[in-house]
Amino acid sequence: MVLNPVIPKLSSKLIVLASASPRRLEILRNAGLRFEVVPSWFKETLDKGLFKAPHEYAVETAKQKALEVARRMPFKHLKTPDIVIGADTIVTVDGTILEKPVDKRDAYRMLSSLSGKEHSVFTGVAIVICHEKENEEVDYQLIDFYEETKVKFADLSEDMLWEYINSGEPMDKAGGYGIQALGGMLVEYVHGDFFNVVGFPLNHFCKQLDLIYNHSTSSLDQQNASDCLSHNSTHTTSMHSLPQPNLTAQCSQSPDSSGLHNSSPSPRPNSLSTSQTHHIQQSSSCSPVRKVNKKGSQSEVGESSWRLLNSLSAHTSRESELQDETLPQLTNRGQMTDLGVTQHEPSEPKKEDLQQITELMDGFKASKALFTASKLCVFDLLQSRPGLDATQVAQEIKASLKGTECLLQACVSLGLLKSKERTCKKPVYENTDLATRFLVSGSPFALHGYIQHCNDIVWPLFSHLESAVREGTNQHEKAFGKKSKDIFQDTYYNSQEVKLRFMNAMHSIARVTGKAVASAFDLSSYKTACDLGGCTGAMAYEFTKAHPGLSVTVFDLPAVVEMSEHFQPLHTDNRVSFVAGDFFKDELPKADLYILARILHDWPDEKVHILLSKIADACTTGCAVLLAETMLDGQRPYSALQSLNMLAQTEGMERTEGQYADMLSKHGFWSMRVVHTMNFLDAFIAIKM
Ligand SMILES: C[S@@+](CC[C@H](N)C(=O)[O-])C[C@H]1O[C@@H](n2cnc3c(N)ncnc32)[C@H](O)[C@@H]1O
């Protein structure tokens, strides 16, 4: 490719964009670059007062974003990227830095300060190049630069300002406008790189790639020097090994103003190795989980294998055999063992480690104890008659005394029941607050329906998890002996009993999560919504409660809609209505806002695109899509386990924010925002441009 000869050369490299911005993604993708998106977790909270010039702030933020991802990936993704790209865009006017507005009022403040004036848009870019060495350490090199573009706004009337703010476009954009969409109408002129204003200075970036990959390192320094000399201060470049492994130390460090650093690949006295990084990550991580090196460092594999063998040897009749075979080798410092790894003096297993591994091994027993107590109505019984002893409970639930005693004790140990010892008498039991809130069938947040679904459907599917992992498909056929092309129509809705159980499960989760999702965004500009796959309407009612001006049409399969009246709240709201249909085949009801709560995770990419394309066709500019899903982020174990659940149960999977952003942008949805509700589901909104 003559336009940029370097881009094709990078096709074998793992390039990562440390940004969720769909605009950057689009610019780089259109340039032909192939990359993964791993949004940075670095919070944009650097103290602006510490920087002499606004561009230094943008460059430092870009650096920290890229470094955070470069350091995280070997641990969390178990792969080391070749190149990580970070970027940060800011707008400055009258010496003030404007980032993204937090609400409409903030957007008004920003846009009115830009009205009739020229302002500067700076994008700081950081390119982190990771060199993996033979000993699995990683050296990082950092190249950073920035670009400035001047933009002049026309005089904006109050009406124009508010119409633009109410379009929703300003909310996720630096300076409160998007030049590539409606915001373009506010602009009188642009001096400099237009893409820089959109969020990524493509031309400068390509030149930089050329410098890095088409020139020797010594000529690179010369090029950088001449670049710095021949351009005015809007273009600076620096290339250096990372000065400090510590984030806070880096935050307060401004780059060498010469922009020129030793760029020889190795050895560098101040280069950062992964072994150092691993320690930093471990100590800064709050997670109690022990991390192994990206390929499983020899010492850690050895140590944990020893721990397992050692704990087994204490408890099995093979004690002497294990000791004979393994211990003499394992306890010799620094010798090769049967396991083929170098061992260090073994330390006693830590109590917390043992506890953690035991909890993981026993997790399924806890779940099944909860499911069983729930199915036998133990919590309902103790809610109506607290203080029963095991004999009385056994009689009521028609179970053996021995079994009931074991189950009640297990529930006490799991924090679901409290037991009171009475002198010379049997203990009596009552529900804890947790059980009262979630496990008693009449409670507003009862998870009874979902627990039943887990017990009767998810549990059998999970018993075939190994096949699901090997085959990459759901396990309905193995677990229930029925082949299904569409799990809803062929499996869940084939029998009235299974259908009601499934609807109950969806209803109970939607009641617990609905309020947080419904109130995640200001939706006051939307009047009509369509909840696609809205099931019992539980989520729709939360939306009408949270937004008094909104009416919601629940659109679901006929088999579901015919049962919906069983789930209506006592005081029905005439702003919620039901329409039966198939969202892959039928015309979608017209609406300003399409809600997809736990829908996309049921389907593979091809089907998601069919559905999004139908929604995009039904939308006009300014309409929005609101997703409620558990976004995979590598940090919350719940989201990763939920993805296994989708694997075993559906044709779909959980996805990352970046993956959803990518999919939506292909159908013309931009201006994306995510709220992590911390309540099972994350809320994600995108607007049709
Ligand atoms: C996982 S449930 C989510 C229910 C609800 N949105 C919630 O969050 O509680 C998926 C929903 O999509 C509906 N659904 C599945 N296939 C559909 C189709 N082809 N057309 C319309 N609805 C469909 C199901 O009936 C079910 O109600």
Side-chain angles (χ1 to χ4, degrees), residues 445-447 449-450 453-454 457-458 461 474 476 484-496 498-518 520 529-543 552-564 566-567 576 578-589 591 593-604 606-615 618 625-630 642-643 645-655 677 679-684:
F445 295 123
L447 288 169
Y450 185 66
H453 170 73
C454 288
I457 304 281
V458 184
L461 290 170
N474 74 56
H476 283 278
S484 65
K485 259 177 53 202
D486 178 314
I487 55 149
F488 296 98
Q489 310 196 39
D490 303 337
T491 306
Y492 292 152
Y493 303 156
N494 232 350
S495 99
Q496 202 69 350
V498 180
K499 178 169 76 179
L500 272 177
R501 198 165 53 213
F502 176 76
M503 289 181 72
N504 253 314
M506 296 304 106
H507 191 70
S508 56
I509 289 285
R511 288 222 301 196
V512 172
T513 55
K515 187 172 176 190
V517 170
C530 176
D531 187 2
L532 292 167
C535 205
T536 65
M539 188 67 89
Y541 284 108
E542 293 299 340
F543 272 82
V552 185
T553 306
V554 176
F555 184 84
D556 210 305
L557 292 165
V560 171
V561 171
E562 72 186 20
M563 301 304 290
S564 61
H566 292 261
F567 295 90
V576 175
F578 288 79
V579 171
D582 181 329
F583 52 46
F584 290 122
K585 295 186 185 146
D586 298 326
E587 195 180 331
L588 305 182
L593 173 73
Y594 287 89
I595 301 164
L596 291 160
R598 295 186 294 156
I599 300 299
L600 299 188
H601 74 175
D602 291 332
W603 306 104
E606 315 83 77
K607 286 205 161 172
V608 168
H609 282 299
I610 294 175
L611 184 52
L612 290 180
S613 132
K614 291 196 70 184
I615 298 172
V625 170
L626 193 155
L627 310 182
E629 296 283 2
T630 303
Q642 188 59 15
S643 202
N645 181 33
M646 301 323 290
L647 170 75
Q649 213 182 144
T650 68
E651 293 175 49
M653 64 192 126
E654 300 299 348
R655 297 179 173 89
T677 69
N679 193 357
F680 289 121
L681 297 179
D682 302 308
F684 186 123

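Counting starts at 1 for both ligands and their atoms, following the listed order.
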Determine the interplanar angle of the Phe502 and Phe488 rings, folded into 0 to 90°, and report it as parallel if under 30°, tilted if 30 to 60°, perpendicular if over 60°.
-> perpendicular

Any donor-acceptor pair under 3.5 Å linking the side chain of [X] with the backbone of [Y]?
X	Y	value
Asp556	Cys535	yes
Ser508	Ala505	yes
Glu629	His601	yes
Asp490	Lys485	yes
Arg501	Ile457	no
Thr630	Phe680	yes

Taking heavy atoms and a distance under 4.0 Å, where does [X] meet ligand 1: side chain, backbone, both or neither?
X	value
Tyr493	side chain
Val560	side chain
Ile599	side chain

Spacing of Glu542 atom CD and Lys515 atom NZ [to the nearest 0.5 Å] |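 So the CD of Glu542 and the NZ of Lys515 are separated by 7.5 Å.
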
How far does NE2 of His453 sit from OH of Tyr492, to the nearest 0.5 angstrom?
-> 4.5 Å

Are any of the N/O atoms on [X], whether in the backbone or the side chain, positioned under 3.5 angstrom from an N/O atom of ligand 1?
X	result
Asp582	yes
Ala597	yes
Phe583	yes
Trp603	no
His601	no
Asp602	no

Identify, by atom number and element, the atoms of ligand 1 in contact range of [X], meaning under 4.0 Å from any of its heavy atoms.
X	result
Ala510	9 (O)
Gly581	20 (N), 21 (C)
Cys535	4 (C), 27 (O)
Phe584	19 (N)

If you define the side chain from C-beta out and look only at heavy atoms, does anything of [X] sit under 4.5 Å from [Y]?
X	Y	answer
Val608	Arg655	yes
Leu461	His476	yes
Phe584	Leu611	yes

For ligand 1, is Ala559 a contact, meaning one of its heavy atoms is under 4.0 Å away?
->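 No, Ala559 has no heavy atoms under 4.0 Å from ligand 1.
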
When you measure from [atom] to every protein heavy atom, which one gives the shortest distance, and what is it?
atom	result
atom 15 (C) of ligand 1	Phe488 CD1, 3.4 Å
atom 7 (C) of ligand 1	Arg598 NH2, 3.3 Å
atom 5 (C) of ligand 1	Gly533 O, 3.3 Å
atom 2 (S) of ligand 1	Met506 SD, 3.5 Å

For atom 13 (C) of ligand 1, which candidate among Val554, Asp556, Val517 provides the closest heavy atom?
-> Asp556

